[in-house]
Amino acid sequence: DMNLRAPFYSRDLVDAVLKSCDVLKLNMDELKEIRNLLGVDKPLPEMARYLEERYRLGLVCVTNGSKGCYLIETGTTKLFECKPDDSATVIDSVGAGDGFSAMLSAGYLAGWPKQSMLERACLFATGICEIQGALPEDDAFYEPFQFQFQKK
């Protein structure tokens, strides 16, 4: 999860992080900032694929708030996409990005299919947006998202 926060990053730091990264999650604003930092002259829709190829990333996931998210994977031209439920009542978006990253990571580690991984991350982040604050007060919130890791 890129989490660029000015003034705590530089071009060299971002480049070093991307070189050591396998899975990248960032939001649209961070994607724009990376494009500017690296001096890349590509339209935003092509930037995720550019980063994936340049840094040999396994997965790149770009979130864009209520507009949804997409995921690309090395070795395939398939684009996985998900849009949040527009009937959800957004109360507070604090923690949604971190919640999305957590669920995306859990799905990746559990070996979920890419589309399922993206949909569950989107659903979880939407749920976080429907509560006040980054963490639910009631642990029942997590029950629909529990799963068991399967042994390989």
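At distances below 3.5 Å, at least one donor-acceptor pair connects side-chain atoms of Thr76 with backbone N or O atoms of Lys78. Judged purely by atom type and a 3.5 angstrom limit, Thr74 uses its side chain to pair as donor or acceptor with the backbone of Leu57. Distance alone, capped at 3.5 Å, places no donor-acceptor pair between the Glu52 side chain and the Val60 backbone. Remark: side-chain polar atoms of Asp92 are paired, donor with acceptor, to backbone N or O of Gly133 under 3.5 angstrom. With hydrogens and angles ignored, the 3.5 Å screen pairs no side-chain donor or acceptor of Ser93 with any backbone N or O of Ala96. Formation of a donor-acceptor pair under 3.5 Å by the Ser20 side chain with backbone atoms of Val17 is found in this model. Judged purely by atom type and a 3.5 angstrom limit, Arg120 has no side-chain atom pairing as donor or acceptor with the backbone of Gly107. Judged by distance alone, the side chain of Thr126 and the main-chain N or O of Cys122 form a donor-acceptor pair under 3.5 Å.
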Could you go through the side chain to side chain donor-acceptor pair (under 3.5 Å) check for Asp12 and Ser10 one step at a time? CA-CA 5 Å; Asp12 290 341; Ser10 65; 5.3 Å; no
Stepwise side chain to side chain contact (heavy atoms under 4.5 Å, CB included) test for Ile131 and Ile91: CA-CA 6 Å; Ile131 63 170; Ile91 294 172; 5.9 Å; no
Verdict with reasoning, Leu24 to Leu59, per side chain to side chain contact (heavy atoms under 4.5 Å, CB included): CA-CA 6 Å; Leu24 174 65; Leu59 296 175; over 6 Å; no
Verdict with supporting geometry, Leu26 and Asp1, side chain to side chain contact (heavy atoms under 4.5 Å, CB included): CA-CA 6 Å; Leu26 68 169; Asp1 193 349; 5.8 Å; no
With side chain to side chain contact (heavy atoms under 4.5 Å, CB included) as the test, would you mind laying out the steps for Asn3 and Glu30 before giving the verdict? CA-CA 7 Å; Asn3 284 322; Glu30 292 163 337; 4.2 Å; yes
Check the pair Phe124, Phe141 against ring pair (Phe, Tyr, Trp, His ring centres under 6.0 Å), reporting the backbone distance first and the verdict last. CA-CA 10 Å; Phe124 188 78; Phe141 174 90; 5.7 Å; yes
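Closest heavy-atom contact between Val40 and Arg54: CG2-NH1, 4.5 Å. Here the closest non-hydrogen pair linking Val94 and Ile128 is O-CG2, 3.6 Å.
Annotation: side chain of Arg11 is in contact with side chain of Leu38 (closest heavy-atom distance under 4.5 Å). Inter-residue side-chain proximity for Leu118 and Cys61 is flagged as met; some heavy-atom pair is nearer than 4.5 Å. Residues Arg35 and Asp41 are not in side-chain contact: their nearest non-hydrogen atoms beyond the backbone lie 4.5 Å or more apart. Met103 is listed as a side-chain neighbour of Trp112, based on a closest heavy-atom distance under 4.5 Å.
Atom CE of residue Met117 and atom CG of residue Leu109 lie 10.0 Å apart, to the nearest 0.5 angstrom. Note that the OH atom of Tyr9 and the CG atom of Asp15 stand 14.5 Å from one another [nearest 0.5 Å]. Between Leu71 atom CG and Lys25 atom NZ the span is 12.5 Å, to the nearest 0.5 Å. Atoms CZ and NZ, on Arg56 and Lys19 in that order, are 11.5 Å from each other to the nearest 0.5 Å.
In this structure, Leu31 is a member of the same hydrophobic cluster as Leu13, with clusters built from ILVMFWY side-chain heavy atoms closer than 4.5 Å. Following chains of ILVMFWY side-chain contacts shorter than 4.5 Å, one can reach Phe100 starting from Phe80, so the two form part of one hydrophobic cluster. Tyr55 and Leu4 fall within a single hydrophobic cluster, where Ile, Leu, Val, Met, Phe, Trp and Tyr side chains are chained together by heavy-atom contacts under 4.5 Å. Note on Val23: it does not cluster hydrophobically with Tyr50, by side-chain heavy-atom contacts below 4.5 Å among ILVMFWY residues. By the rule that hydrophobic residues join a cluster once side-chain heavy atoms approach within less than 4.5 Å of another member, Leu104 and Tyr70 end up as members of separate clusters.
Under 4.0 Å is where a charged nitrogen must lie from a carboxylate oxygen, and between Glu73 and Lys114 at least one such pair does. Contact check on Glu46 versus Arg49 returns no salt bridge, with no Lys/Arg side-chain nitrogen under 4.0 Å from an Asp/Glu carboxylate oxygen. Ion pairing of Lys83 with Glu119 is absent here, as no side-chain N (NZ or NE/NH1/NH2) approaches a carboxylate O to less than 4.0 Å.
The neighbour count for Asp86 CG, taken as heavy atoms of other residues, nucleotides or ligands under 6.0 Å away, does not exceed 12.
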